[in-house]
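The first residue of the sequence shown is numbered 1, and numbering continues consecutively from there.
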Amino acid sequence: MTARAPVQLSPEDTAAVRSWVLHEDAQVLVLNKPAGLSSQGGRIRARTLDDLLWAFMRSNGKRPELVHRLDRDTSGVILAAKTKPAAGFLGRAIQARKLQKTYLALVSAAPEPQAGRIDLSLRREEIGRESYMRVAAADAPGAQAATSLYTTLSVDPQGALVELSPVTGRMHQLRVHFAAIGRPLVGDARYGGALTFAGQAAPRLMLHAAALDFPHPEGGRRTVEAPPPDDFVRLLAAAGLTGTAAAS
(Lines give C-alpha, C1' and ligand atoms only; values in the text may rest on other atoms or scores of the structure.)
Protein backbone atom coordinates (compact mmCIF):
# COMPACT_ATOMS: atom_id res chain seq x y z
CA MET A 1 0.00 0.00 0.00
CA THR A 2 2.98 2.32 0.24
CA ALA A 3 6.21 2.84 -1.70
CA ARG A 4 8.03 4.31 1.26
CA ALA A 5 11.07 2.54 2.61
CA PRO A 6 10.43 0.54 5.79
CA VAL A 7 11.32 2.19 9.08
CA GLN A 8 13.78 0.18 11.13
CA LEU A 9 12.24 -0.53 14.53
CA SER A 10 13.87 -1.70 17.71
CA PRO A 11 12.64 -4.91 19.35
CA GLU A 12 11.16 -2.68 22.09
CA ASP A 13 9.22 -0.59 19.55
CA THR A 14 7.91 -3.70 17.86
CA ALA A 15 6.83 -5.29 21.13
CA ALA A 16 5.15 -2.08 22.25
CA VAL A 17 3.02 -1.54 19.15
CA ARG A 18 2.03 -5.21 19.04
CA SER A 19 0.88 -4.95 22.66
CA TRP A 20 -1.56 -2.22 21.64
CA VAL A 21 -3.55 -4.47 19.26
CA LEU A 22 -7.25 -4.55 20.12
CA HIS A 23 -8.43 -6.40 17.00
CA GLU A 24 -6.76 -7.79 13.92
CA ASP A 25 -8.02 -9.76 10.94
CA ALA A 26 -7.15 -10.06 7.25
CA GLN A 27 -8.53 -6.61 6.42
CA VAL A 28 -8.16 -4.30 9.42
CA LEU A 29 -5.97 -3.57 12.40
CA VAL A 30 -7.31 -1.72 15.44
CA LEU A 31 -4.90 -0.34 18.04
CA ASN A 32 -5.12 1.36 21.42
CA LYS A 33 -2.89 4.40 20.86
CA PRO A 34 -1.17 5.74 23.96
CA ALA A 35 -1.28 9.46 24.74
CA GLY A 36 1.84 11.38 23.75
CA LEU A 37 2.32 9.54 20.43
CA SER A 38 1.53 11.37 17.19
CA SER A 39 -0.58 9.45 14.69
CA GLN A 40 1.41 10.67 11.70
CA GLY A 41 4.32 12.98 10.96
CA GLY A 42 3.88 16.72 11.09
CA ARG A 43 5.94 19.70 12.08
CA ILE A 44 7.81 17.75 14.74
CA ARG A 45 10.08 15.01 13.42
CA ALA A 46 9.61 12.19 15.88
CA ARG A 47 8.64 8.54 15.91
CA THR A 48 4.94 8.23 15.09
CA LEU A 49 2.30 5.50 15.17
CA ASP A 50 2.48 5.53 11.37
CA ASP A 51 6.17 4.61 11.62
CA LEU A 52 5.45 1.86 14.13
CA LEU A 53 3.03 0.16 11.74
CA TRP A 54 6.09 -1.23 9.96
CA ALA A 55 6.06 -3.81 12.76
CA PHE A 56 3.16 -5.40 10.83
CA MET A 57 4.90 -5.44 7.43
CA ARG A 58 3.99 -8.47 5.32
CA SER A 59 6.32 -10.52 3.15
CA ASN A 60 5.34 -8.44 0.09
CA GLY A 61 6.70 -5.28 1.74
CA LYS A 62 3.26 -3.79 2.42
CA ARG A 63 2.06 -2.69 5.83
CA PRO A 64 -1.20 -1.31 7.32
CA GLU A 65 -2.19 2.31 6.70
CA LEU A 66 -4.06 4.52 9.15
CA VAL A 67 -7.47 5.60 7.88
CA HIS A 68 -8.02 8.35 10.46
CA ARG A 69 -6.04 10.21 13.12
CA LEU A 70 -6.11 11.00 16.81
CA ASP A 71 -4.51 14.08 18.34
CA ARG A 72 -1.10 13.44 19.86
CA ASP A 73 -2.33 13.63 23.46
CA THR A 74 -5.56 11.71 22.83
CA SER A 75 -5.44 8.03 23.74
CA GLY A 76 -7.57 5.19 22.48
CA VAL A 77 -9.01 3.35 19.49
CA ILE A 78 -7.49 3.99 16.07
CA LEU A 79 -8.15 2.06 12.86
CA ALA A 80 -5.79 0.96 10.08
CA ALA A 81 -6.45 -0.87 6.82
CA LYS A 82 -4.27 -3.86 5.94
CA THR A 83 -5.07 -3.97 2.20
CA LYS A 84 -5.64 -1.40 -0.53
CA PRO A 85 -9.31 -2.46 -1.05
CA ALA A 86 -9.93 -2.19 2.69
CA ALA A 87 -8.38 1.28 2.72
CA GLY A 88 -10.66 2.38 -0.12
CA PHE A 89 -13.72 0.88 1.55
CA LEU A 90 -13.01 2.53 4.91
CA GLY A 91 -12.13 5.83 3.27
CA ARG A 92 -15.53 5.89 1.59
CA ALA A 93 -17.20 4.90 4.87
CA ILE A 94 -15.55 7.86 6.61
CA GLN A 95 -16.67 10.23 3.86
CA ALA A 96 -20.22 8.89 4.28
CA ARG A 97 -19.96 9.32 8.08
CA LYS A 98 -20.54 5.64 8.73
CA LEU A 99 -17.96 5.38 11.52
CA GLN A 100 -19.34 5.98 15.00
CA LYS A 101 -16.72 7.25 17.44
CA THR A 102 -17.25 7.48 21.19
CA TYR A 103 -14.90 9.44 23.44
CA LEU A 104 -14.60 9.96 27.16
CA ALA A 105 -13.46 13.32 28.54
CA LEU A 106 -13.06 15.07 31.87
CA VAL A 107 -14.35 18.59 32.44
CA SER A 108 -14.15 20.79 35.52
CA ALA A 109 -17.94 21.16 35.74
CA ALA A 110 -20.85 19.36 34.07
CA PRO A 111 -22.17 21.00 30.91
CA GLU A 112 -25.61 22.59 30.97
CA PRO A 113 -27.75 20.92 29.86
CA GLN A 114 -26.06 17.67 30.84
CA ALA A 115 -26.78 16.11 27.45
CA GLY A 116 -27.16 17.74 24.09
CA ARG A 117 -25.93 18.62 20.63
CA ILE A 118 -23.42 21.27 19.66
CA ASP A 119 -23.72 22.74 16.15
CA LEU A 120 -20.95 25.30 15.68
CA SER A 121 -19.01 25.80 12.47
CA LEU A 122 -15.23 25.77 12.75
CA ARG A 123 -12.45 27.43 10.81
CA ARG A 124 -8.75 26.58 10.82
CA GLU A 125 -6.28 29.32 11.71
CA GLU A 126 -2.49 29.32 11.59
CA ILE A 127 -0.79 31.17 14.43
CA GLY A 128 2.94 31.08 13.97
CA ARG A 129 3.78 27.44 13.30
CA GLU A 130 0.72 26.12 15.13
CA SER A 131 -2.73 25.26 13.77
CA TYR A 132 -5.87 26.09 15.75
CA MET A 133 -9.58 25.69 15.14
CA ARG A 134 -11.92 28.55 15.96
CA VAL A 135 -15.70 28.84 16.07
CA ALA A 136 -16.84 30.78 13.02
CA ALA A 137 -20.07 31.96 11.44
CA ALA A 138 -21.48 29.32 9.13
CA ASP A 139 -21.05 31.62 6.12
CA ALA A 140 -17.53 32.79 7.02
CA PRO A 141 -14.78 32.04 4.48
CA GLY A 142 -13.22 28.67 5.24
CA ALA A 143 -15.87 27.70 7.80
CA GLN A 144 -16.84 24.03 8.01
CA ALA A 145 -20.04 22.72 9.56
CA ALA A 146 -19.34 20.73 12.74
CA THR A 147 -21.66 18.76 15.02
CA SER A 148 -20.93 16.99 18.30
CA LEU A 149 -23.21 15.01 20.62
CA TYR A 150 -22.55 14.61 24.33
CA THR A 151 -23.92 12.97 27.48
CA THR A 152 -22.78 13.52 31.05
CA LEU A 153 -22.04 10.15 32.66
CA SER A 154 -21.01 11.14 36.19
CA VAL A 155 -20.90 14.37 38.20
CA ASP A 156 -19.01 15.35 41.33
CA PRO A 157 -18.42 18.79 42.87
CA GLN A 158 -14.86 18.50 41.56
CA GLY A 159 -15.81 17.80 37.94
CA ALA A 160 -17.60 15.56 35.50
CA LEU A 161 -17.07 12.66 33.11
CA VAL A 162 -18.71 13.15 29.72
CA GLU A 163 -19.22 10.90 26.72
CA LEU A 164 -18.71 12.62 23.36
CA SER A 165 -19.65 11.54 19.85
CA PRO A 166 -18.51 13.66 16.88
CA VAL A 167 -20.93 13.57 13.96
CA THR A 168 -18.43 15.37 11.76
CA GLY A 169 -14.68 14.91 11.92
CA ARG A 170 -13.03 18.34 12.05
CA MET A 171 -9.61 18.86 13.58
CA HIS A 172 -9.82 19.46 17.36
CA GLN A 173 -13.61 19.48 17.02
CA LEU A 174 -14.57 18.11 20.43
CA ARG A 175 -11.97 20.27 22.18
CA VAL A 176 -13.13 23.50 20.52
CA HIS A 177 -16.85 22.74 20.86
CA PHE A 178 -16.53 22.14 24.60
CA ALA A 179 -14.38 25.22 25.05
CA ALA A 180 -17.06 27.19 23.20
CA ILE A 181 -19.75 26.16 25.71
CA GLY A 182 -17.51 27.10 28.62
CA ARG A 183 -16.38 23.56 29.46
CA PRO A 184 -12.87 23.15 28.00
CA LEU A 185 -11.47 19.67 28.46
CA VAL A 186 -9.20 19.12 31.44
CA GLY A 187 -5.53 19.32 30.50
CA ASP A 188 -6.20 21.09 27.19
CA ALA A 189 -3.82 24.03 27.54
CA ARG A 190 -4.32 25.05 23.91
CA TYR A 191 -8.04 25.73 24.36
CA GLY A 192 -8.19 26.87 27.96
CA GLY A 193 -8.62 23.65 29.91
CA ALA A 194 -7.69 23.40 33.58
CA LEU A 195 -4.33 21.81 34.30
CA THR A 196 -5.51 20.27 37.58
CA PHE A 197 -8.48 18.07 38.41
CA ALA A 198 -9.71 16.93 41.83
CA GLY A 199 -6.53 18.28 43.39
CA GLN A 200 -4.31 16.33 41.00
CA ALA A 201 -2.14 17.53 38.14
CA ALA A 202 -3.61 16.73 34.72
CA PRO A 203 -0.63 15.29 32.83
CA ARG A 204 -2.15 15.79 29.39
CA LEU A 205 -5.38 16.37 27.49
CA MET A 206 -7.96 14.18 29.24
CA LEU A 207 -9.63 12.83 26.09
CA HIS A 208 -9.85 9.11 25.34
CA ALA A 209 -11.22 7.42 22.21
CA ALA A 210 -13.13 4.70 24.03
CA ALA A 211 -15.01 2.93 21.23
CA LEU A 212 -15.21 2.74 17.46
CA ASP A 213 -18.09 1.14 15.57
CA PHE A 214 -17.36 0.74 11.85
CA PRO A 215 -18.55 -1.14 8.76
CA HIS A 216 -16.18 -4.01 8.00
CA PRO A 217 -14.86 -4.52 4.46
CA GLU A 218 -16.06 -8.13 4.58
CA GLY A 219 -19.57 -7.16 5.66
CA GLY A 220 -21.42 -6.26 8.82
CA ARG A 221 -20.12 -3.93 11.49
CA ARG A 222 -17.51 -4.25 14.23
CA THR A 223 -17.31 -2.44 17.54
CA VAL A 224 -13.94 -2.23 19.26
CA GLU A 225 -13.45 -0.70 22.70
CA ALA A 226 -10.39 0.45 24.63
CA PRO A 227 -10.34 0.92 28.41
CA PRO A 228 -9.18 4.33 29.66
CA PRO A 229 -5.45 4.49 30.46
CA ASP A 230 -4.04 4.71 33.97
CA ASP A 231 -3.67 8.51 34.07
CA PHE A 232 -7.34 8.94 33.12
CA VAL A 233 -8.49 6.35 35.65
CA ARG A 234 -6.40 7.98 38.37
CA LEU A 235 -8.13 11.34 37.91
CA LEU A 236 -11.54 9.65 37.81
CA ALA A 237 -10.79 8.01 41.12
CA ALA A 238 -9.51 11.25 42.65
CA ALA A 239 -12.87 12.88 41.90
CA GLY A 240 -14.94 9.85 42.86
CA LEU A 241 -16.44 9.64 39.36
CA THR A 242 -17.91 6.46 37.88
CA GLY A 243 -19.54 5.36 34.65
CA THR A 244 -16.63 4.73 32.32
CA ALA A 245 -18.47 2.30 30.04
CA ALA A 246 -18.57 4.12 26.72
CA ALA A 247 -20.52 1.81 24.45
CA SER A 248 -23.21 -0.72 25.03
Checklist entry - Got Phe232 and Leu161 here, is their nearest side-chain heavy-atom distance under 4.5 Å? => result yes

Next on the checklist: With a 4.0 Å cut-off on N to O distance, would you call Lys82 and Glu24 a salt bridge?
Outcome noted: yes

Next on the checklist: With heavy-atom distances below 4.5 Å as the criterion, would you say the side chains of Ser38 and Asp71 are in contact?
Outcome noted: no

Checklist entry - Just by distance, do the side chain of His208 and the backbone of Ala226 share a donor-acceptor pair under 3.5 Å? => result yes

Next on the checklist: I want to check something: taking the side chain as every heavy atom from C-beta on, are Pro34 and Ser75 in contact at a cut-off of under 4.5 Å?
Outcome noted: no

Checklist entry - If you measure only the distance, is there a donor-acceptor pair under 3.5 Å linking the side chains of Gln100 and Ser165? => result no

Checklist entry - Do the non-hydrogen side-chain atoms of Val176 and Leu120 ever get within less than 4.5 Å of each other? => result no

Next on the checklist: For Glu130, is there an ion pair with Arg190 - N to carboxylate O distance below 4.0 angstrom?
Outcome noted: yes

Item to check | Check: Ser39 side chain, Arg69 main-chain N or O, donor-acceptor pair, under 3.5 Å | outcome: no

Checklist entry - Roughly how far, to the nearest 0.5 Å, is CG of Leu212 from CZ of Arg222? => result 12.5 Å

Next on the checklist: What's the separation between atom OG1 in Thr223 and atom NE2 in His216, rounded to the nearest 0.5 Å?
Outcome noted: 12.0 Å

Checklist entry - Do the ring centers of His172 and Tyr191 come within less than 6.0 Å of each other? => result yes

Next on the checklist: Using only atom types and a distance under 3.5 Å, with no angle test, would you say the side chain of Thr83 pairs donor to acceptor with the backbone of Gln27?
Outcome noted: no

Checklist entry - Would Trp20 and Leu207 show up in the same hydrophobic cluster when neighbours are defined by side-chain heavy atoms closer than 4.5 Å? => result yes

Checklist outcome for this item: dist Asp13:CG -> Leu52:CG (nearest 0.5 Å) comes out at 5.5 Å

Item to check | Minimum-distance pair of heavy atoms, taken over all atoms of Ala109 and Ala160 | outcome: C-CB, 4.3 Å

Next on the checklist: More than 12 heavy atoms of other residues, nucleotides or ligands under 6.0 Å from CD of Gln8: yes or no?
Outcome noted: no

Checklist entry - How far apart are the C-alpha atoms of Leu153 and Val162, what are their side-chain angles, what is the distance that settles it, and do they pass the side-chain contact (heavy atoms from CB on, under 4.5 Å) test? => result CA-CA 5 Å; Leu153 298 180; Val162 292; over 6 Å; no

Checklist entry - Less than 4.0 Å between a side-chain N and a carboxylate O, is that true for Asp213 and Lys101? => result no

Next on the checklist: Treating Arg63 as the side-chain partner and Arg58 as the backbone partner, does any N or O pair qualify as donor plus acceptor under 3.5 Å?
Outcome noted: no

Checklist entry - Minimum heavy-atom separation for Ala80 to Leu53, with atom names? => result CB-CD1, 4.4 Å

Item to check | Whether Arg117 side chain and Thr147 backbone form a donor-acceptor pair below 3.5 Å | outcome: no

Checklist entry - Rounded to the nearest 0.5 Å, how far apart are CZ of Arg47 and CG of Leu37? => result 10.0 Å

Checklist outcome for this item: Per side-chain hydrogen bond (donor to acceptor under 3.5 Å, both in side chains), Arg204 is matched among Asp231, Asp73, Asp188, Thr74 by Asp231

Next on the checklist: Test of understanding: clusters of I, L, V, M, F, W, Y form through side-chain heavy atoms closer than 4.5 Å, transitively. Do Trp54 and Val30 belong to the same one?
Outcome noted: no

Next on the checklist: Under 4.5 Å between side-chain heavy atoms, counting indirect links through other Ile/Leu/Val/Met/Phe/Trp/Tyr residues: same cluster for Ile181 and Val107 or not?
Outcome noted: yes

Next on the checklist: Testing the basics here: between Ala110 and Gln114, what is the closest heavy-atom pair and its distance to 0.1 Å?
Outcome noted: CB-NE2, 4.2 Å

Checklist entry - Given the rule in the side-chain contact (heavy atoms from CB on, under 4.5 Å) test, do Ser108 and Val186 qualify, once you have shown the distances and angles that lead to the verdict? => result CA-CA 7 Å; Ser108 296; Val186 169; 4.0 Å; yes

Next on the checklist: Could you check, using the six-membered ring where one of them is a Trp, whether Tyr150 and Phe178 have ring centers closer than 6.0 angstrom?
Outcome noted: yes

Checklist entry - Taking the side chain from Gln173 and the backbone from Arg170, do they hold a donor-acceptor pair closer than 3.5 Å? => result yes

Checklist entry - Under a 4.5 Å side-chain heavy-atom rule over Ile, Leu, Val, Met, Phe, Trp and Tyr, are Leu90 and Leu22 clustered together? => result yes

Checklist outcome for this item: Tightest non-hydrogen contact, residues Ala140 and Arg123, listed as CB-NH1, 3.8 Å

Checklist entry - Is it the case that Gln144 and Ser121 place a side-chain donor and acceptor less than 3.5 Å from each other? => result no

Next on the checklist: Can you confirm whether the side chains of Ser131 and Arg124 place a donor and an acceptor under 3.5 Å from each other?
Outcome noted: yes

Checklist entry - If only atom types and distance count, is the side chain of Arg134 paired as donor or acceptor with the main-chain N or O of Leu122 below 3.5 Å? => result no

Checklist entry - Got more than 12 heavy atoms from elsewhere within 6.0 Å of CG, Asn60? => result yes

Next on the checklist: I'd like to know if the side chain of Arg175 reaches the main chain of Leu185, judged simply by a donor and an acceptor atom lying under 3.5 Å from each other, with no hydrogens or angles considered.
Outcome noted: no

Checklist outcome for this item: Heavy atoms of Ala198 and Gln158 approach each other most closely as CA-OE1, 3.2 Å

Item to check | Pro217 versus Val28, closest heavy-atom pair with distance | outcome: CD-CG1, 4.0 Å

Checklist entry - For Leu106 and Leu235, what are the C-alpha separation, side-chain angles and deciding distance, and is it a side-chain contact (heavy atoms from CB on, under 4.5 Å)? => result CA-CA 9 Å; Leu106 297 177; Leu235 292 188; 3.7 Å; yes

Checklist entry - Will you find, in the side chains of Glu163 and Thr102, an N or O donor that is under 3.5 Å from an N or O acceptor? => result no

Next on the checklist: Could you tell me if the side chain of Leu70 sits less than 4.5 Å from the side chain of Leu49, heavy atoms only?
Outcome noted: no

Checklist entry - Going through the distances and angles, do Val21 and Asn32 end up as a side-chain contact (heavy atoms from CB on, under 4.5 Å)? => result CA-CA 6 Å; Val21 174; Asn32 184 5; over 6 Å; no

Checklist entry - Does any non-hydrogen side-chain atom of Leu164 lie less than 4.5 Å from one of Ser148? => result no

Checklist entry - Is there side-chain contact between Thr152 and Pro111, with at least one heavy-atom pair below 4.5 Å? => result yes

Checklist entry - Mind checking whether Met171 and Leu205 sit in one hydrophobic cluster, side chains of I, L, V, M, F, W, Y counted as touching below 4.5 Å? => result yes

Checklist entry - Between CE of Met206 and CG of Leu195, what distance do you get to the nearest 0.5 Å? => result 10.5 Å

Item to check | Between OG on residue Ser154 and CG on residue Leu236, distance to nearest 0.5 Å | outcome: 8.0 Å

